[in-house]
There are 2 protein chains.
Amino acid sequence: MEKKVTLKDIAKKAGVSTSTVSRVLNSSLPVNSETKNKIIKIIEETGYHPDFTARSLRLGKSNTIGIIIPDISNPFFSMLVKGADDYLKEKNFSTLICNSGNEKNDEKTLKFLIEKKPDAVIYAGIGNIKIFKNVGIPIVFTDRLEKDENFSYVVSNNYQGMTDMLEYLIKTKHKSYVFISGNNNIFSANERLRAFKDFTSTHNVISKIIHSDYSFDSGIDVVNNLSEFPDVIVCSNDLTAYGVIHGLKLRNLNVPKNLSVTGYDDLLFSEMLNPSLTTVNQPVYNMGKAAAEIILNMIEKNNTSVRIFKNELIVRNSTKNSGG
Amino acid sequence: MEKKVTLKDIAKKAGVSTSTVSRVLNSSLPVNSETKNKIIKIIEETGYHPDFTARSLRLGKSNTIGIIIPDISNPFFSMLVKGADDYLKEKNFSTLICNSGNEKNDEKTLKFLIEKKPDAVIYAGIGNIKIFKNVGIPIVFTDRLEKDENFSYVVSNNYQGMTDMLEYLIKTKHKSYVFISGNNNIFSANERLRAFKDFTSTHNVISKIIHSDYSFDSGIDVVNNLSEFPDVIVCSNDLTAYGVIHGLKLRNLNVPKNLSVTGYDDLLFSEMLNPSLTTVNQPVYNMGKAAAEIILNMIEKNNTSVRIFKNELIVRNSTKNSGG
DNA sequence: CTGAAAGCGCTTACAG
DNA sequence: CTGAAAGCGCTTACAG
């Protein structure tokens, strides 16, 4: 393991000052082309790499964007991260991904992250917004919307998406509904629930709401505790729908013959399931990308913005098309 | 956005030197308890956070571990990352996740990462090993094994796992095999293929090998190009098996009634599929964790090591249990 | 086009 | 138990 080569070493070898080497490195000021070439050659020979830490300290910025998510192994979030990371990499920023585990850890995670001095943060957690009041760097919230103009937001139209789903179900003659909602301090879960409540108050249907937590297991549990079955079980996300379908199979009920099941998110696997899942697609990769675009914009121009994505109904084979 | 509070500010307010504040911060040397409390109070009041960049520069280490993977949206890798990240976070290290995209980008990704000066690197890509010769920091390779004692490795026993699968299949009377292999510069794919070749050379079965690339689509393609079907299609990974099952459905063939299909990896979704997938489980979360343990050990004690995990046959419903 | 010098925010021998 | 000083590896006004 050879000793680290520094800018000073390069300067000494080239017989110039560190200033000059730095100028070549950053193309910040013109340098005599002969000495420039000499310096470049020495850099290549020695395999010199600028020390990013030192540069960050000096410039007061790290070209790093922090991103906080609850769980990287959840396909929704890993796709969100990919969307952001692909874009940021292209713009020469790097991404510091922080897996908070759950909302109680969000504040701790944020502190941990802030110490690394990222230039900005993309936040896709569900913690209390007030922990962000004093961090002093740009933040974009993803998958949530609040009435605070100091922040930027990227959301998708959960209310409209769920409404589209319900309109489709009523049109295909589904008359009785069980709605499995997500945790009620999650923005997206609340919006989808709101759509369901508005739907039931304006349509003549039988309905029941069950509060849950977006998990696979919760879908199984709900099915196990159900004594009679509706025409359709509307799940607030795909993973719960997977659990519901799994649970119904264990009870020897056929989807969609006996009843329909719907999801929300359109995870990669939803079309591979049997039956393939009728759900609502969120453009999650593009949402991640949009968050990245907005955050770079905030760093440069210091202006906040809101971006709302459309959700799209995807009809597949887990819903009956005629109805009973 | 208030001005950044530095250690110097704290020192001035407390009427002590920066050395003393630093000692309180790091508990590196005893400090008079009265002044200590005073300093702690001021730190809390001001909301001071030490600048990680400055500390890194001074100490020559960043408490950051880089991890290079081909694709964060692939569940195998996101789980690997989670295993490593959970452990590292606990040990107060942070993880810099680099999504290389594909093997051609590995070298570029590595350069990008090295500039950030991580203390070590976990590499789960498939690029040429020689790009690591001169990086000068500890490296652990995950999911590959080479004959170079300068590095550490975490692998699982792919050869044994695939052999177990094949022994199960022959025992359940599968006589004809199509084997869909992964890309042949991937270590795991090669090991699984080797197991298959050894199996066919010692058993009296009909077999055919098709080279592919681990993708979902490739599974569909293989099925579409098959004119006659074997007793079982053995896939080198789960995702390809998903594609195969999907493709067979489109051709109105029932799994496992008409033929069996097997995978490798045991992704989270494999038990949710219909039929649920017979596959081989790799303890990927623990492999990520092991990589993290080894890398911290290398940083401290500078000794390399190799860790081999067992793979476990998981029999589910995509294989016929009697055979025809 | 170029160099000497200051400084980013820390930590740590050194001296007391 | 404490402080003054040096230095980690860079960049950038400033002066020429």
Side-chain angles (χ1 to χ4, degrees), chain A residues 2-40 42-43 46-64 92 94 114-119 136-137, chain B residues 2-40 42-43 46-64 92 94 114-119 136-137:
Chain A
E2 66 265 35
K3 205 172 141 288
K4 190 200 293 195
V5 184
T6 71
L7 188 145
K8 214 165 151 188
D9 299 329
I10 305 293
K12 195 179 289 172
K13 279 194 185 166
V16 297
S17 73
T18 57
S19 320
T20 302
V21 177
S22 177
R23 278 161 201 148
V24 170
L25 237 31
N26 301 297
S27 313
S28 48
L29 277 179
V31 170
N32 175 292
S33 74
E34 211 167 308
T35 58
K36 187 172 176 175
N37 289 332
K38 190 173 172 190
I39 290 169
I40 289 174
I42 293 173
I43 288 175
T46 53
Y48 167 74
H49 282 290
D51 184 312
F52 203 84
T53 305
R55 181 181 279 172
S56 294
L57 179 59
R58 178 58 230 246
L59 297 179
K61 63 200 188 72
S62 59
N63 264 44
T64 300
N92 251 304
S94 68
I114 291 300
E115 290 195 358
K116 310 285 180 178
K117 306 286 175 203
D119 297 335
I137 58 175
Chain B
E2 67 264 36
K3 206 174 142 285
K4 190 198 295 194
V5 184
T6 71
L7 188 144
K8 214 164 153 188
D9 299 329
I10 305 294
K12 195 179 290 173
K13 279 194 185 165
V16 298
S17 73
T18 57
S19 319
T20 304
V21 178
S22 176
R23 277 160 200 149
V24 170
L25 238 31
N26 300 298
S27 312
S28 48
L29 278 178
V31 170
N32 176 291
S33 73
E34 210 168 308
T35 58
K36 187 173 175 173
N37 289 332
K38 189 172 170 192
I39 289 170
I40 289 173
I42 293 174
I43 288 175
T46 53
Y48 168 74
H49 283 289
D51 185 310
F52 203 85
T53 305
R55 181 180 278 171
S56 294
L57 178 59
R58 178 58 230 245
L59 297 178
K61 64 202 187 69
S62 59
N63 264 43
T64 299
N92 251 304
S94 69
I114 290 301
E115 290 195 359
K116 310 285 179 179
K117 305 287 174 200
D119 296 336
I137 58 175

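From a predicted model like this one, the values you see are computed outputs, not experimental measurements. Every chain is numbered from 1, with letters handed out A, B, ... down the list of sequences.
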D/dT2 versus D/dA6 - spacing of their P atoms, nearest Å = 23 Å
How long is the line joining CZ of A/Arg55 and P of C/dC10, in whole Å?
-> 21 Å
Can you check the A/Lys8 NZ to C/dG3 C1' distance for me, whole Å?
-> 15 Å
Quick one: label A/Thr35 by what it contacts on the DNA or RNA (base, sugar-phosphate, nothing), any heavy atom closer than 4.0 Å.
-> sugar-phosphate
What does A/Leu57 touch in the nucleic acid at a heavy-atom separation under 4.0 angstrom: a base, only the sugar-phosphate, or nothing?
-> base
Judged by atom type as modelled, is there a donor-acceptor pair below 3.5 Å linking the side chain of A/Ser22 to the main-chain atoms of A/Thr18?
-> no
B/Arg23 CZ to D/dC1 P, in whole Å, measures 11 Å
Between B/Val21 and B/Tyr48, is any pair of side-chain heavy atoms under 4.5 Å apart?
-> no
Roughly how many Å is it from CG in A/Asn26 to P in C/dT2, rounded to a whole number?
-> 15 Å
Of the candidate nucleotides D/dA5, D/dC10, C/dT2, which contains the atom at the shortest distance from the side chain of A/Asn32?
-> C/dT2
If you look at every strand shown and take non-hydrogen atoms under 4.0 Å, does B/Thr20 touch a base, only sugar-phosphate, or nothing?
-> sugar-phosphate
So which nucleotide does D/dA13 pair with, by the Watson-Crick or G-U wobble rule with both distances under 3.5 Å?
-> none
Where the side chain of B/Val16 is concerned, which of D/dG3, C/dT11, D/dT12 is the nearest nucleotide?
-> D/dG3
For C/dA4, the Watson-Crick or wobble counterpart (both distances under 3.5 Å) | none
Heavy-atom donor-acceptor pair, B/Ser19 side chain to B/Ser17 backbone, under 3.5 Å = no
Starting from C1' on C/dG9, measure out to CG on B/Leu25 and report it in whole angstrom.
-> 12 Å
How long is the line joining CG of B/Asp9 and P of C/dC8, in whole Å?
-> 11 Å
Nucleotide C/dC8, atom C1' - distance to CG of B/Leu59 in whole Å = 16 Å
Is it the case that A/Lys117 and A/Ser56 place a side-chain donor and acceptor less than 3.5 Å from each other?
-> no
Interatomic distance, B/Ile43 atom CD1 to B/Ile40 atom CD1 [nearest 0.5 angstrom] = 7.0 Å
What is the distance, rounded to the nearest whole Å, between atom CD1 of A/Ile10 and atom C1' of D/dG9?
-> 12 Å
